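Please read all numbers here as calculations on a predicted model, not as lab measurements. Atoms within a ligand are numbered from 1 in the order they appear, just like the ligands themselves.
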Amino acid sequence: MPPSSLRVVYAFAREMHPKTTDVFIQYGTAGFRTKASLLEHVVYRMGLLAVLRSRVKNGRTIGIMITASHNLEPDNGVKLIDPDGEMLEQSWEEIATRLANVSDNDLESTTGEIIKQVNADMSLKASVFIGMDTRYTSPRLAAAAVHGVMALKGTAKEFGIVTTPMLHFCVKCRNDNTYGTPSEEGYYEKIVGAFKNICQKLPVVGKYNTTLYVDGANGVGGKKLNIIKKTLDGELDLVLYNLGGNGGKLNLNCGADFVKVSQKPPVGVEHVPFQRVASLDGDGDRLVYYYLDDKNDMHLLDGDRIAILLASYITELLKACGASVSVGLVQTAYANGASTRYITDDLKIPVTCVKTGVKHLHHAALSYDIGIYFEANGHGTVVYSGHAKDSIRRVADEGDTEQRKSAQLLLNFIDVTNETVGDAISDLFLVETVLRARGISIQDWEKQYTDLPCRQLKVTVQDRNAISTADAERQCTAPEGLQTKINELVSRYPSGRSFVRPSGTEDVVRVYAEADTQESADKLAAEVAQAVFDLAGGVGKRPELPE
Ligand SMILES: CC(=O)N[C@H]1[C@@H](OP(=O)(O)O)O[C@H](CO)[C@@H](O)[C@@H]1O
Ligand SMILES: [Mg+2]
């Protein structure tokens with residue numbers, strides 16, 4: 001495309017999607033995320049960037065997802081999906097940040113510089129898939145993305161309202177047609193179809209109850225489960241709550257993030273003692289389970305528990321097939337210490353700890369033949385190498401009868417998995433498969449190990465980047481003296497552990513603490529929060545100790 005024909009593109013940008021704010025915006029843990037009203041020019045520019053990315057990748061399809069996941073309704077966000085369905089390559093995050101922040105006057109020259117820097121061949125075709133969540137600001141932003149794509153002569157295909165993982169899946173399928181069909185229907189066909197296949201092989205036994213309550217967070221995930229529900233032929237009886245009707249607000253006092261962080265059940269879900277409930281987040285990529293006991297106490301089964309459930313079932317099936325395949329688990333510092341101990345000591349599966357953000361977990365999981373990764377908040381999946389798939393297929397063809405059975409089950413299990421990214425719907429079917437196969441209740445699942453009580457807090461500081469960390473965020477290297485103070489506080493509590501890090505999605509510093517009792521965990525978290533406030537430039541009210 002000759003530079004002169006780009007002129008009109010920038011004139012159009014100024015006219016239709018002008019930059020109306022000087023607030024600096026950064027491509028963070030999960031793309032750009034802020035008040036929806038500040039995002040239109042950013043999304044338009046991500047349309048431009050997605051075209052360049054596609055051209056650098058020889059015309060392979062790139063995804064743009066409009067969502068702010070678990071944030072409240074007034075926020076929105078945008079993130080790019082790379083050709084294999086994974087998060088945008090990290091080196092492009094800086095480029096995205098630069099393009100998002102230049103003035104309208106500098107947009108033309110900066111785009112030109114980026115084209116040179118990344119060596120994009122502007123004569124190539126470019127393809128971009130665009131999806132959005134249910135926020136009322138999403139259609140307008142999706143339109144801005146389409147304009148950006150068209151401006152640089154790329155081809156945009158809109159998927160309308162889809163879960164984030166559905167769009168990742170479609171991007172992967174478009175670039176690798178052995179993975180599936182790149183459409184919402186193709187997703188149901190593969191993932192839900194494989195679950196139904198498994199159900200044919202696994203009769204309902206023991207304490208497994210086919211009724212599952214779901215908290216849809218008033219977002220897109222619940223809506224999609226409502227479509228799926230009708231096709232399950234009674235194998236799983238989904239009772240759906242928080243589907244966005246009756247004035248229910250997205251993520252407000254409900255959804256996976258609320259349940260995990262507040263350790264409270266969501267509003268809007270009927271409370272039946274010991275009923276298993278799955279709670280999704282706003283864009284359908286996180287999942288946690290919980291139940292209330294007969295004293296109305298909540299029992300949370302989070303991402304750590306899901307990872308362990310899946311890992312133990314996968315290793316059991318692998319053993320039964322006699323396949324020689326390495327299995328490993330990836331967690332972050334937020335994983336409960338008791339879960340890490342259980343995986344290492346009881347399951348004897350290697351664990352890697354990496355920085356927060358699924359891109360880090362996904363990458364580390366790829367180093368195993370079968371890598372299971374989950375953030376404690378319920379975001380995760382399983383990835384299987386070509387070697388793992390080939391070995392299992394061989395057993396399915398050539399093994400003895402029992403081995404073949406296990407290998408077939410494992411192949412179905414692989415098909416239920418959305419390998420591109422954590423996916424609440426796919427993960428829900430994986431969890432249900434294991435509970436069904438084992439004939440166990442949610443209480444049986446919980447008995448595997450006992451979580452250490454924990455607490456998460458947020459502290460607002462002048463500049464959260466004043467906090468630096470090392471060792472997968474478990475050590476704080478700046479400001480000076482903070483880690484020494486944390487060590488001193490932690491040493492006062494049996495089984496104490498605490499760390500702090502700047503959030504990549506909110507303007508806060510996050511504090512995590514765990515200890516042998518809930519009182520101690522709460523107190524330790526508050527003391528560390530005070531230390532952050534005092535040593536890292538806290539603003540507003542100093543955090544208080546619990547009563
Ligand atoms: C403690 C925590 O849950 N952090 C979340 C949160 O990131 P922060 O960088 O902590 O804001 O949002 C990310 C994107 O959804 C998710 O990957 C991550 O796990
Ligand atoms: Mg999400």
* **Steps toward side chain to side chain contact (heavy atoms under 4.5 Å, CB included) verdict (Phe195, Leu232)** => CA-CA 9 Å; Phe195 174 69; Leu232 290 175; 4.2 Å; yes

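Ligand 1 has no nitrogen or oxygen under 3.5 angstrom from a nitrogen or oxygen of Gln456. Remark: ligand 1 and Ser503 share an N or O pair separated by less than 3.5 Å (distance only, no angle test). For ligand 1, the polar-atom distance check against Ala30 finds no nitrogen or oxygen pair separated by under 3.5 Å. Taking any N or O of Thr356, backbone or side chain, none lies under 3.5 Å from an N or O belonging to ligand 1.
A donor-acceptor contact closer than 3.5 angstrom links the side chains of Ser138 and Asn76.
Of the candidates Thr332, Asp283, Asn377, Val261, the one placing a heavy atom closest to atom 3 (O) of ligand 1 is Asn377. Counting only non-hydrogen atoms, the option in Glu375, Met87, Arg286 that gets closest to atom 19 (O) of ligand 1 is Glu375.
A cation-pi geometry, defined here as NZ or CZ lying under 6.0 Å from the six-membered ring centre and within 45° of its normal, does not hold between Lys260 and Phe258. With Tyr449 as the aromatic partner, Arg305 meets the cation-pi criteria of under 6.0 angstrom to the ring centre and within 45 degrees of the ring axis.
Counting only distances under 2.8 Å, and ignoring water, the protein N, O or S atoms around the Mg ion (ligand 2) are Ser69 OG, Asp281 OD2, Asp283 OD1, Asp285 OD1.
Contacts between His379 and ligand 1 below 4.0 angstrom, taking non-hydrogen atoms only, are absent altogether.
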